[in-house]
Protein chains: 2
Amino acid sequence: MSETLRETALRLDSEDPLAKRRELFALDAAVYLDGNSLGALPAHVPARMADVITREWGALRIRSWDESGWWTAPERTGDRIAPLVGAAPGQIVVGDSTSVNVFKAVVAAARLAGEERDEILVDATTFPTDGYIAESAARMTGRRIVPVAPAEVAGAVGPRTAAALVNHVDFRTGRLHDLPGITAAVRAAGALAVWDLCHSAGALPVGLDTHGVDLAVGCTYKYLNGGPGSPAYLYVAERHQGVFDSPLPGWNSHADPFGMTPGYAAADGAARGRVGTPDILSMLALESALDVWDGVAIEDVRAKSLALTDFFLECVRGYVPDGVVESLTPAAHAERGSQVALRCDAAPAVMAELIARGVVGDLRRPDVLRFGFTPLYVGFADAERAARVLAEVVTDLGVAA
Amino acid sequence: MSETLRETALRLDSEDPLAKRRELFALDAAVYLDGNSLGALPAHVPARMADVITREWGALRIRSWDESGWWTAPERTGDRIAPLVGAAPGQIVVGDSTSVNVFKAVVAAARLAGEERDEILVDATTFPTDGYIAESAARMTGRRIVPVAPAEVAGAVGPRTAAALVNHVDFRTGRLHDLPGITAAVRAAGALAVWDLCHSAGALPVGLDTHGVDLAVGCTYKYLNGGPGSPAYLYVAERHQGVFDSPLPGWNSHADPFGMTPGYAAADGAARGRVGTPDILSMLALESALDVWDGVAIEDVRAKSLALTDFFLECVRGYVPDGVVESLTPAAHAERGSQVALRCDAAPAVMAELIARGVVGDLRRPDVLRFGFTPLYVGFADAERAARVLAEVVTDLGVAA
């Protein structure tokens, strides 16, 4: 008798070298497949934050800027993220939202490229904020936006290209774009490659330094589990730091911030990407949350992620009547991030019912069911259960093929 | 026998209608006169944040964006700040740092003023970040910066003025600038008045609506006690909201943010000032912290603030040998914020020793001792003790007149 999908799930969980990491998170009976929207709470974070709030803020108060290391948290936390995205220390600074960092990165890239380069290529399938912000950056630096599908960026770059802003993984379909190849093509044309890592950092190897990425941004509340709206980060490759020209030169990016001089002089290094006073509570929650990565190799995360999404798709094929859902996520591993997007009629009703039955994914209007697989705390039994409940829901709701 | 300063302090404390508010804060034996840098912890905030982290993030996870009201927190919290600065609801949104909000406000003001107005007046004594960011805003909108002392703004505005950016209270000296008069003069010249309220909000009445201010920004971690690096806010007067043109049009400011459409369409109202995903932990700590203002009239805060700074200056005159310190803070009430700045030789050593002896102010290099008086939790006995310990310290350190 061949192994059932349920038996396979249990076997895969028992063989999973990352399975024990799940114990580091506060989870419940639900299958949480929305960690690509908001990562689960690492179980140790509440105690750390109680100490931050009660002792560092409440008792030490202003002294904590030095004594509790608040002032240096943006660079220190950046250096904790760095190995997860393949960056040597000193190139990532944490702070502000992803949108604000996109603005810094695109404006700085345009300035670095020089005035004769008047086009900024933007991933036409981008998460909307990147497009809106890039448009503003173009308007304010005298450039124009050229929307291009990621696969066509390499063919579209030329002597007028200042920069290309591309998402590493498409937020809707989960498609993984070719960061090494696109970066190489953009750089070969003399332009700068700016990557948005929101849906890849913490899910798969990025290799920023290895592949010669110029600038990158990302959020920290998805696969990095930093908490709701935790601050984003900016990567500026070391070779650009000395000429990085920020459109938001706040006092935190000054070479001598406490000199409080009227003239601006940019700090060296990653600190040049800072702006104003950092959001310390959110920043320190993120820093603490990053402890769950200690001793984890991102390659192992990637292997499990692919195994999870493969297995989930296998379970969907096994359980859900043919034609009721259609995967928008590429089958090829080289083109897949860490989520599965299923097109489905009546997707809003289906997702609502899935959530009511303890399988939490999310909806991307109008008709996409999105399931994120966060390898540190999602297992194969979760994947099997999600597909099984999905099959029950589409049957119960009478969703036809 | 006349009353001693110590006796006066105790009497003033016993007569103080705000004295009981002190019990709402986590305080210790120190005299904390640095609330104009980082406000003290409201005692109820740790329990609220434990609930936010453990239940809202940890248990409800993604559902909290709706069910716990995370999504609407920026406007809701703005409406909590509004009465403290004299704004009707719907004009203040919380998020990002002060620096980022200065950028939004100055760029938007320049755009509102029209292209023929090519000068931006900036408070020459400004907190540095405002000047740095205004310079960037000018560079990116084709304007030039004209530094002007606040008292000279009214005489300097003209047909080329797009906007004037002024601090309500000088961070170094504690001088209160004439918001009604300057605003009227700027508006009479057809320009926009942009105010930085970092050192006035929560310390004195601002009257944004009454005085016709166009745009304003402020931080929330000083007199508003929001916690380290808690998010700042942006005020856009209702009459400008429909044409407010943000340089940071992130997806949170979209009319239909979850439509996730490639084209940008700005939201109505205060939400147009939002950018990316808000820092929820910091935001909700601030929202909770604002509870200490329930039932407080800002006029009573102002009355106590002036009484405190008057009394502190009286104690300094009474205790500290003549000529050892010199007040940089105006004697006239109409020109004084809620801090006292004392110029003193050897200020760094004096402040270090004051802190060691339990009187916490701060230093503004090279020679300014800064003492902030936060009327919700600082009392007259604190003021007397601070002056007394200051006298002891300058004597012990041998600081000569």
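FYI, side chains are in, hydrogens and waters are out, and symmetry mates aren't considered; it's all heavy atoms of this structure. Order of the sequence lines fixes the chain letters, A, B, ..., with proteins taken first and strands second; residue numbering starts at 1 for each chain.
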Under a 4.5 Å heavy-atom cut-off, does chain B meet the side chain of [X], its backbone, both or neither?
X	value
Val102(A)	neither
Ala50(A)	neither
Ser253(A)	neither

Nearest 0.5 Å please: distance from the [atom1] atom of [X] over to the [atom2] atom of [Y].
X	Y	atom1	atom2	result
Phe258(B)	Leu363(A)	CZ	CG	11.0 Å
Leu281(A)	Asp279(B)	CG	CG	9.0 Å
Asp245(B)	Ser136(A)	CG	OG	8.0 Å
Ser99(B)	Asn252(A)	OG	CG	7.0 Å
Ser246(B)	Ile133(A)	OG	CD1	7.0 Å
Leu60(A)	Leu41(B)	CG	CG	11.5 Å

Using side-chain heavy atoms (C-beta onward) and a distance below 4.5 Å, is [X] in contact with [Y]?
X	Y	value
Leu38(B)	Trp57(A)	yes
Ser97(A)	Thr277(B)	no
Ile62(B)	Val360(A)	yes

*Do Arg61(A) and Tyr32(B) meet the cation-pi criteria used here (NZ or CZ under 6.0 Å from the six-membered ring centre, within 45° of the axis)?*
yes
Proximal component of [X], with respect to chain A [non-hydrogen, under 4.5 Å]:
X	value
Thr98(B)	neither
Tyr264(B)	both
Pro278(B)	backbone
Thr125(B)	neither
Ala59(B)	backbone
Asp256(B)	side chain
Val52(B)	neither
Leu27(B)	both

What residue, out of [options], has the most heavy-atom pairs lying under 4.5 Å from chain B?
options	value
Asp362(A), Val275(A), Val45(A)	Val275(A)
Ser37(A), Gly227(A), Ala26(A), Ala43(A)	Gly227(A)
Gly276(A), Ala232(A), Gly95(A), Ala285(A)	Gly276(A)

If you count heavy-atom pairs under 4.5 Å between each of [options] and chain A, which one has the most?
options	answer
Phe127(B), Trp65(B), Phe25(B)	Phe127(B)
Thr126(B), Asp130(B), Leu248(B)	Leu248(B)
Pro366(B), Pro249(B), Ala47(B)	Pro249(B)
Met283(B), Met49(B), Glu56(B), Arg111(B)	Arg111(B)

Can you name the nearest heavy-atom pair linking [X] to [Y], along with the distance?
X	Y	value
Arg172(A)	Met260(B)	NH2-O, 3.5 Å
Met140(A)	Pro247(B)	SD-CB, 3.6 Å
Pro228(A)	Trp70(B)	CB-CZ3, 3.3 Å
His254(A)	Tyr132(B)	CD2-OH, 3.1 Å

*So does Arg63(B) pair up with Asp34(A), basic N to acidic O under 4.0 Å?*
no
